[in-house]
Amino acid sequence: MGKFFMECSSSGYLFLLLACAVLVCSEASPSDSIMGDQSLKDGQTIVSSRGTFELGFFSPSKSSLRRYVGIWYKNIPNITVVWVANRDFPLYNTTGSLKIVDQRTLVIVDSDSNQTVWSSNSTGTIAGNAVAQLLDSGNLVLRPENDTDPMSYIWQSFDYPGDTLLPGMKYGIDLVTGLNRELTSWRSPEDPSRGEYSNRMDRRGVPEFYLWKGSNIQFRSGPWNGMRFSGMPNLKPNPIYNFRFVFSDKEVYYTFNLTDSSVISRMVMSSDGVLQRFIYISRTKGWNLYLTAQMDNCERYNLCGAYGSCDINNSPACGCLKAFEPRFPDYWATSDWSGGCVRKKILNCTEGEGFLKYSGMKLPDTRGSWYNQTMSLEECSRVCRDNCSCTAYASMDIRDGGSGCILWFGDLIDLRNYNENGQDIYIRLAASEIESSKSSKGKTRTKLIVIPVVAAASGFLLFVVLKCRRKRSKIEAIIPQSPEQDNSDVSEKGELELPLFDFATIIMATGNFSPGNKIGQGGFGSVYKGTLSDGQAIAVKRLSKRSRQGLDEFRNEVLCISMLQHRNLVKLLGCCIQEGERMLIYEFMPNKSLDFIIFDQRLAAILDWSKRFQIINGIARGLLYLHQDSTLRIIHRDLKASNILLDQDMNPKISDFGMARSFTGEESTEGKTNRVVGTYGYMSPEYAIDGQFSVKSDVFSFGVLVLEIVSGKKNRRFRHPDHKLNLLGHAWWLYKEMKLQELMDESIRESCNRVELLRTVLVALLCVQQSPEDRPNMSKVVLMLSSDISLPQPKEPGFFNERDLSDTEYSTTKKEISTTHNGMTMTVLDGR
Ligand SMILES: *[C@@H]1O[C@H](CO)[C@@H](O)[C@H](O)[C@H]1NC(C)=O
Ligand SMILES: *[C@@H]1O[C@H](CO)[C@@H](O)[C@H](O)[C@H]1NC(C)=O
Ligand SMILES: *[C@@H]1O[C@H](CO)[C@@H](O)[C@H](O)[C@H]1NC(C)=O
Ligand SMILES: *[C@@H]1O[C@H](CO)[C@@H](O)[C@H](O)[C@H]1NC(C)=O
Ligand SMILES: *[C@@H]1O[C@H](CO)[C@@H](O)[C@H](O)[C@H]1NC(C)=O
Ligand SMILES: *[C@@H]1O[C@H](CO)[C@@H](O)[C@H](O)[C@H]1NC(C)=O
Ligand SMILES: *[C@@H]1O[C@H](CO)[C@@H](O)[C@H](O)[C@H]1NC(C)=O
Ligand SMILES: *[C@@H]1O[C@H](CO)[C@@H](O)[C@H](O)[C@H]1NC(C)=O
Ligand SMILES: *[C@@H]1O[C@H](CO)[C@@H](O)[C@H](O)[C@H]1NC(C)=O
């Protein structure tokens with residue numbers, strides 16, 4: 001599986017114009033507070049006692065005249081502002097100052113005109129002298145001079161957050177005063193004024209957070225379930241920060257603090273509406289993205305309508321809950337899901353109605369719901385049953401078997417399925433539906449297919465690291481600078497993604513890396529099979545100690561691949577960095593990779609046509625997710641049979657993100673590189689020749705892969721007595737001769753569904769067309785594979801005659817070949 005080059009750093013760096021070359025201050029060491037009779041002029045700053053935060057006037061960009069009072073990290077070179085006082089009321093010159101008036105209010109005034117541009121509007125008053133102090137937490141508080149007790153604060157900036165949530169802030173509602181602390185985005189990275197997006201708690205029902213764009217909801221967190229928000233399955237215990245949710249009579253809020261004072265982390269509502277958590281990496285002096293709340297397309301609020309459920313593993317992602325059907329089937333078929341779903345059997349509240357359990361769900365919108373924190377699930381069920389308008393119920397707290405009760409009364413909105421950390425909800429259905437769903441249970445289990453273990457899997461996880469110093473390409477280039485000769489201890493805290501495995505655990509699991517457990521060997525280390533104490537099988541990729549390369553890449557892979565979540569992508573379970581070792585821990589794939597099976601005449605029979613078709617569809621969905629549905633949006637660049645791993649049920653999982661590139665937004669879905677890295681036989685012509693890559697180069701590789709799966713032959717080693725073409729050329733030739741069915745592997749002759757097979761091969765031919773523009777995108781491919789829509793005529797494939805070139809190179813070595821080709825360095829990695 002390899003390296004995954006992501007640059008997850010944040011934008012939002014600011015240029016600070018501190019007109020402070022001339023510090024008028026007379027004191028030698030900066031103070032952390034402003035006394036009642038002082039004022040802080042533009043150019044002066046105060047610094048918290050341990051030097052963590054600094055407060056003063058700043059401009060958000062070099063070109064801006066606007067002056068704001070803000071708080072930023074003192075020790076981070078690229079200024080990161082965490083709070084702005086007068087965000088909507090900038091000054092346009094440097095004559096502003098910050099002071100306390102009337103012993104109770106902080107104001108920013110323009111000293112020329114004596115005009116107040118901003119006021120803290122604090123209520124209480126202070127007997128004696130007031131002081132404004134910047135605490136080491138980043139909180140600016142207004143308190144009596146002689147009293148440091150938080151109860152005495154009459155105003156604090158933590159109660160009025162901007163776009164940033166800092167450790168120790170209470171994010172939620174004070175039920176006594178009614179204060180609701182919300183995050184509001186900046187208008188743009190260079191404009192701190194209130195932007196379009198805000199995220200705040202709503203407690204009309206079970207409290208949960210809603211992310212608004214103007215007056216539209218974009219995303220909701222789901223209610224707290226004792227461990228996390230129901231809609232944030234990635235919120236897990238981790239080595240970086242502790243979090244908790246407090247729900248008492250007086251207040252309800254979420255808060256976090258850092259496990260270690262050397263770690264710097266913040267949560268931000270970005271100006272384009274994404275809730276993100278960043279961690280500061282001191283060595284690279286940059287912020288790394290650690291988590292985003294909105295992981296994928298399914299997070300869009302109410303995407304599938306009432307009683308619809310979004311499942312990112314499916315295509316299309318929207319479906320109806322069991323026992324429900326689309327309200328407007330015609331619209332539904334055209335991907336307009338807004339009508340949602342309706343019951344197949346209308347309820348009429350007679351005896352015999354019951355509840356069906358739906359598992360692995362995000363709980364629906366809780367506005368209008370009813371709850372009780374102490375009831376048991378049985379009581380909850382009874383209360384819901386007894387009230388005809390109750391549509392569903394669920395536990396409030398899922399720990400220890402569940403406790404508490406939430407009842408829903410209206411339509412159930414914004415549901416989705418999760419692969420992990422979803423929860424149970426019980427939905428009211430007509431009695432006949434309950435009966436039919438009971439009787440159909442147990443029929444769905446798929447057969448287990450057991451595969452004999454093939455001889456040692458060399459290259460099971462091919463692992464590649466690129467060092468690259470070139471300018472960023474159009475694609476948001478995710479190749480970090482190559483790490484300078486850096487001998488710092490790798491296990492620096494706070495720079496790593498969760499979950500962290502203990503070295504001793506790994507030693508135990510792999511029998512101290514016993515040779516018998518070794519299942520693969522790649523360029524940068526070995527791969528071992530292991531078993532954790534709870535019986536879970538894992539694959540451990542151990543990077544060789546000699547390789548000091550790729551530390552940043554390693555970090556980035558860990559940081560970023562863990563944010564991808566799809567049934568058809570291999571799953572990273574964690575990593576381990578200790579004692580100079582770097583290891584990645586993946587779920588173990590008992591059936592190795594696709595190439596072991598389809599290219600082996602003995603084993604090929606294991607995969608009949610329907611299984612192969614399922615594999616092709618799975619790969620297509622995984623690729624679609626990478627291209628389109630994941631927040632990171634990724635081009636894989638090295639899709640091939642050996643990178644498709646198979647789980648025990650022969651479900652395909654795409655692996656090895658060693659060459660993957662992420663791209664952002666809609667604009668750039670292609671890029672160019674001078675260093676072409678990939679595997680011959682799978683590379684599209686524009687990539688291999690011009691270094692031009694895009695989602696369409698992945699589509700090309702996918703097409704090659706499909707032809708290989710159907711034919712059981714390798715594209716590159718293909719031989720045929722009648723011509724000298726490669727597999728692509730052969731398929732094209734058969735297509736012209738109208739005998740495409742001859743392409744199929746002997747071993748699927750009996751199991752094959754001719755119509756499906758011909759359709760699949762045609763789709764593959766469309767994918768390998770010479771010109772990228774002619775190739776369909778993955779969402780089209782998924783649609784073409786799964787429906788009867790008519791297919792266009794494919795044009796000539798690219799590279800159908802290119803065997804000679806690859807053969808010479810192939811014969812040279814089994815590892816890495818670099819050769820000069822038209823003056824350009826070309827690196828080819830052999831897959832097997
Ligand atoms: C500074 O700007 C304020 C308005 O924001 C204006 O009233 C004042 O005259 C300006 N002062 C100078 C010195 O330009
Ligand atoms: C500015 O306002 C303060 C009270 O707000 C007042 O005492 C002072 O005289 C004013 N100064 C000028 C120059 O207007
Ligand atoms: C303080 O109150 C004034 C007048 O009601 C209002 O315009 C201003 O926005 C308030 N300031 C803050 C920081 O809320
Ligand atoms: C602080 O000073 C005020 C006024 O001098 C006094 O009323 C108050 O009791 C003092 N508080 C403490 C905690 O000393
Ligand atoms: C902060 O950390 C301490 C231990 O370091 C823990 O006891 C406390 O509960 C944490 N607070 C929050 C808000 O997580
Ligand atoms: C810091 O900001 C400068 C521009 O001021 C930029 O060139 C540099 O890349 C930034 N550093 C990081 C680590 O992002
Ligand atoms: C309610 O449904 C039951 C069974 O589904 C049916 O027998 C009964 O007639 C219905 N009653 C009304 C009022 O529709
Ligand atoms: C919650 O349910 C328990 C047990 O049924 C009951 O004793 C308690 O009064 C209920 N609390 C509220 C606020 O309804
Ligand atoms: C059912 O619950 C709703 C909402 O709590 C309530 O308004 C209604 O009175 C209840 N109906 C019965 C029959 O208890």
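Order of appearance sets the numbers: ligands from 1, and atoms from 1 within every ligand. Numbering starts at 1 and runs along the sequence shown.
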Location of contacts on E379 toward ligand 8, heavy atoms closer than 4.0 Å: side chain
Neighbour count >12 (heavy atoms, 6.0 Å) for atom CG, D149: yes
What is the nearest protein non-hydrogen atom to [atom], stated with its residue, atom name and distance?
atom: atom 12 (C) of ligand 9; result: N387 ND2, 3.4 Å
atom: atom 14 (O) of ligand 8; result: N372 ND2, 3.4 Å
atom: atom 5 (O) of ligand 9; result: F409 CZ, 3.6 Å

Proximity of Y254 and F229 rings by center, below 6.0 Å: yes
Parallel, tilted or perpendicular: ring planes of Y331 versus F328, cut at 30 and 60 degrees: perpendicular
Any W370 heavy atom less than 4.0 Å to ligand 9: no
Sub-4.0 Å atoms of ligand 8 with respect to non-hydrogen atoms of T374: 1 (C), 2 (O), 3 (C)
Flag: protein heavy atom within less than 4.0 Å of atom 9 (O) of ligand 9: no
Smallest separation among heavy atoms of L363 and Q423, with atom names: CD1-NE2, 3.2 Å
For the student: nearest non-hydrogen atoms of F209 and Y171, plus distance: CZ-O, 3.3 Å
S389 neighbourhood, listing ligand 9 atoms whose heavy-atom distance to it stays under 4.0 Å: 1 (C)
Member of L275, V82, V268 meeting the side-chain contact (heavy atoms from CB on, under 4.5 Å) criterion with D163: V268
